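Worksheet: the structure to be examined is printed underneath.
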Amino acid sequence: MGNTWVTNIQHFLNESGELGDLPKPALNLVNHIISIIEEATLGNENEPRETSIQCRRRPGRKKCTGKIITYINERNPTQLIWFCPDCDDNGAITGWESTIYNNAGYRESN
Ligand SMILES: [Zn+2]
């Protein structure tokens with residue numbers, strides 16, 4: 001496995017649930033995470049979902065051409081798992097259920 005990023009999106013949002021003021025590198029990561037939440041919640045099946053999101057890694061300084069795949073962690077449905085099938089960049093997103101970026105395809109876990 002490559003680098004694993006565990007990100008609680010709530011840490012990057014202000015009281016209104018919007019993106020707070022962030023330094024550029026953090027902003028780039030958070031925008032990536034938000035895109036994943038938006039596309040991951042478009043459907044309602046628990047099948048892994050291929051998104052249109054370009055992998056952001058550059059292994060060997062060549063841009064990875066992989067497209068991010070996401071799915072809900074069955075053992076822990078609060079986690080949105082994502083990975084790049086080409087370079088194995090991967091991570092888990094938490095805190096996404098109540099955000100404005102949740103397209104409501106997935107119900108909040110109950
Ligand atoms: Zn990749």
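Remember, it's 1-based here, ligands and their atoms both numbered in the order they're listed. Keep in mind that what you see is a predicted model, and the values were worked out from it rather than measured.
Glu39 places a side-chain heavy atom less than 4.5 Å from the side chain of Ser52. By the 4.5 Å heavy-atom criterion applied to side chains, Ile37 and Trp82 are not counted as neighbours.
The minimum heavy-atom distance between Pro77 and Ile72, with the atom names listed, is CA-CG2, 3.7 Å. In terms of heavy-atom proximity, Lys67 sits nearest to Thr51 at CB-O, 3.7 Å. For the residue pair Glu38 and Asn103, the shortest heavy atom distance occurs at O-ND2, 2.7 Å.
For Asn14, the CG atom counts as densely surrounded, since its 6.0 Å shell holds more than 12 non-hydrogen atoms of other residues, nucleotides or ligands.
Here the protein contributes Cys55 SG, Cys64 SG, Cys84 SG, Cys87 SG as N, O or S atoms under 2.8 Å from the Zn ion (ligand 1).
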